[in-house]
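Residue numbering restarts at 1 for every chain, and letters A, B, ... go by the order of the sequence lines.
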Amino acid sequence: MTLTVLYFAWLRERIGLPRETVETSAATVAGLVAELSAREDRYALAFSDLKAVRVALDQDLSDFDAPLDGVREVAFFPPMTGG
Amino acid sequence: MTLTVLYFAWLRERIGLPRETVETSAATVAGLVAELSAREDRYALAFSDLKAVRVALDQDLSDFDAPLDGVREVAFFPPMTGG
Amino acid sequence: MAVRVQAQAFDYGAECAAFAAGARGAGAVVTFAGLVRDNAGALTGMEIEHYPGMTERALAAIESEAVTRWSLEAALIIHRHGPLAPGDMIMMVATAARHRAEAFAAAEFLMDYLKSRAPFWKKEFTADRADWVAARDEDEDALKRW
Amino acid sequence: MAVRVQAQAFDYGAECAAFAAGARGAGAVVTFAGLVRDNAGALTGMEIEHYPGMTERALAAIESEAVTRWSLEAALIIHRHGPLAPGDMIMMVATAARHRAEAFAAAEFLMDYLKSRAPFWKKEFTADRADWVAARDEDEDALKRW
């Protein structure tokens with residue numbers, strides 16, 4: 001499965017890019033995070049405390065247990081600070 | 001004692017005047033109301049339900065038990081509807 | 001900090017802009033505006049009576065309490081009296097504080113007090129009658145939360 | 001009902017005036033504006049990052065829920081992104097309802113959701129450092145009341 005993965009705020013800065021295309025067979029968001037973290041230290045560092053990370057699937061807030069089946073766009077970011 | 005007595009909203013309309021000067025020896029607001037009500041029906045009618053009447057003494061909200069000693073201006077009006 | 005009681009209309013947009021511009025130390029600005037609403041489509045007008053002297057005293061006291069209680073950077077109350085038409089703006093309040101919770105609470109406090117403790121009385125006119133607006137129990141109850 | 005996400009500044013006074021003019025069936029209009037506050041006098045600027053696409057979806061969903069829940073006559077959300085200076089206005093919301101309780105509740109609901117559920121991230125700059133603003137526990141807690 002081919003996913004567009006987006007990073008925002010300090011996750012974008014730590015990983016060093018705003019978006020990338022990822023080939024994965026991970027079944028869930030947690031599986032994708034494990035794959036990415038295994039790649040390089042910058043990913044492992046960014047994902048080291050998942051309590052500080054939020055995820056959106058196809059632009060809807062979701063969680064790490066969610067399945068990736070049918071998903072096209074995954075975004076990782078810190079807790080939001082709008083308003 | 002000489003008081004300026006003011007009436008607002010439907011109290012003004014029922015009594016038929018916005019203000020008057022009253023000579024009284026009433027000790028409290030309730031005493032003043034009794035004196036005025038004894039004068040004429042229009043006063044008795046206006047003061048027939050005191051739950052629907054508010055009073056201010058020298059422009060501060062007060063109540064019917066309050067003494068009139070030292071007071072110069074008494075105002076009667078219905079519950080306020082500002083905003 | 002300002003209180004204005006006036007018969008003439010005021011420019012809501014200009015008041016909002018000036019208030020925000022004057023509250024630059026604040027992070028949060030809340031405004032409330034009250035308009036003459038025509039419930040049944042039958043209202044031809046409204047007349048607001050007030051108690052000159054006491055009105056200004058009551059509003060200044062309410063505003064002062066709000067400023068102290070929520071450490072406001074700025075506060076504004078404008079209230080009209082006299083004849084008004086449906087859709088006219090009756091009054092506005094504005095509050096500026098460091099954070100939104102304080103600005104919202106102070107604005108709601110000002111409104112709750114204005115509704116039941118400032119000496120204004122509204123009379124509504126339709127084609128064939130005129131009625132003094134009755135105070136609502138829920139407005140009196142709203143005061144209890146402060 | 002309108003949602004605008006934009007880099008350019010907006011005219012707060014003009015937006016307030018236009019909103020109130022377009023909500024003439026309402027008796028109550030509430031506006032909230034958020035400004036870049038310089039706590040320690042050391043802030044040189046702020047940068048707001050957002051998630052194009054999701055931002056608009058999230059704001060439209062939040063606004064739609066508020067309109068339904070409080071039977072609003074009108075609602076507005078404007079939120080800037082990009083570089084901002086101290087004192088700049090970051091965003092505003094406006095709500096119009098029949099009565100004040102609904103207009104206030106809807107505006108506070110919109111703000112609580114905007115703070116924690118709309119994909120914006122603030123970075124603050126001083127002369128010698130840059131820090132992402134941390135989400136506050138009390139902002140997350142504020143959501144629980146709705």
Side-chain angles (χ1 to χ4, degrees), chain A residues 1-22 28-29 32-33 36 41-83, chain D residues 3 5 32-37 46-63 77-81 84 89-93 107-124 129-143:
Chain A
M1 150 178 63
T2 306
L3 293 174
T4 299
V5 181
L6 308 180
Y7 309 103
F8 292 97
W10 59 255
L11 275 126
R12 173 180 53 72
E13 292 178 337
R14 285 197 198 164
I15 290 167
L17 51 119
R19 68 164 62 209
E20 61 184 319
T21 300
V22 174
T28 64
V29 175
L32 174 64
V33 167
L36 291 169
D41 278 357
R42 57 194 170 109
Y43 290 96
L45 181 67
F47 290 117
S48 61
D49 179 11
L50 288 185
K51 285 197 302 298
V53 178
R54 301 287 178 271
V55 61
L57 300 183
D58 290 330
Q59 305 189 352
D60 282 323
L61 278 176
S62 187
D63 53 64
F64 291 94
D65 296 332
L68 289 176
D69 191 37
V71 169
R72 295 164 58 185
E73 183 172 296
V74 179
F76 295 106
F77 42 78
M80 295 157 273
T81 55
Chain D
V3 166
V5 181
F32 177 92
L35 294 90
V36 179
R37 187 167 41 84
M46 176 182 277
E47 175 101 22
I48 299 183
E49 185 169 331
H50 79 120
Y51 182 172
M54 180 173 167
T55 310
E56 291 79 359
R57 278 167 58 97
L59 297 189
I62 290 166
E63 188 183 78
I77 301 174
I78 304 175
H79 205 302
R80 294 182 65 188
H81 56 84
L84 294 162
M89 202 165 274
I90 302 170
M91 50 72 62
M92 71 173 285
V93 304
E108 293 193 60
F109 168 87
L110 287 177
M111 287 310 304
D112 285 349
Y113 270 81
L114 269 170
K115 281 273 170 191
S116 304
R117 290 292 182 272
F120 292 101
W121 301 275
K122 294 186 181 119
K123 192 172 195 176
E124 289 180 343
R129 54 185 294 165
D131 294 293
W132 291 100
V133 174
R136 304 192 308 169
D137 288 342
E138 62 200 86
D139 285 333
E140 187 65 30
D141 291 346
L143 285 180

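Looking at His50(D), only its backbone comes within 4.5 Å of chain A, counting heavy atoms on both sides. Heavy atoms closer than 4.5 Å to chain D are found nowhere in Pro18(A), neither backbone nor side chain. Both the backbone and the side chain of Arg117(D) have a heavy atom closer than 4.5 Å to some heavy atom of chain A. Both the backbone and the side chain of Ala9(A) come within less than 4.5 Å of a heavy atom in chain D. There is no contact between Ala33(D) and chain A, counting heavy-atom distances below 4.5 Å. Residue Arg54(A) does not touch chain D at all, counting heavy-atom pairs closer than 4.5 Å.
Between Phe8(A) and Trp121(D), the two ring planes are parallel [angle under 30°; tilted spans 30° to 60°].
No side-chain heavy atom of Met54(D) sits less than 4.5 Å from a side-chain heavy atom of Glu73(A). Using a 4.5 Å cut-off on side-chain heavy atoms (C-beta onward), Glu13(A) and Trp132(D) make contact.
Residue Arg19(A) places its CZ atom among 12 or fewer non-hydrogen atoms of other residues, nucleotides or ligands, all under 6.0 Å distant. Applying the 6.0 Å contact sphere to CG of Asp137(D) captures no more than 12 heavy atoms from other residues, nucleotides or ligands.
Between the CD atom in Gln59(A) and the OG1 atom in Thr55(D) there is a gap of 8.5 Å [rounded to 0.5 Å]. Atom CD of Glu140(D) sits about 8.0 Å away from atom CE of Met80(A), to the nearest 0.5 Å.
Side chain of Lys123(D) to main chain of Trp10(A): no donor-acceptor pair is present (N/O by atom type, distance under 3.5 Å, no hydrogens or angles). Under the 3.5 Å distance criterion, the side-chain polar atoms of Lys115(D) are left unmatched by any main-chain donor or acceptor of Thr81(A).
Of the residues considered (Ala134(D), Ser116(D), Gly34(D)), Ser116(D) shows the highest number of contacts with chain A, using heavy-atom pairs under 4.5 Å.
Scanning for ring pair (Phe, Tyr, Trp, His ring centres under 6.0 Å) contacts around Tyr43(A) gives an empty result, with sequence neighbours left out.
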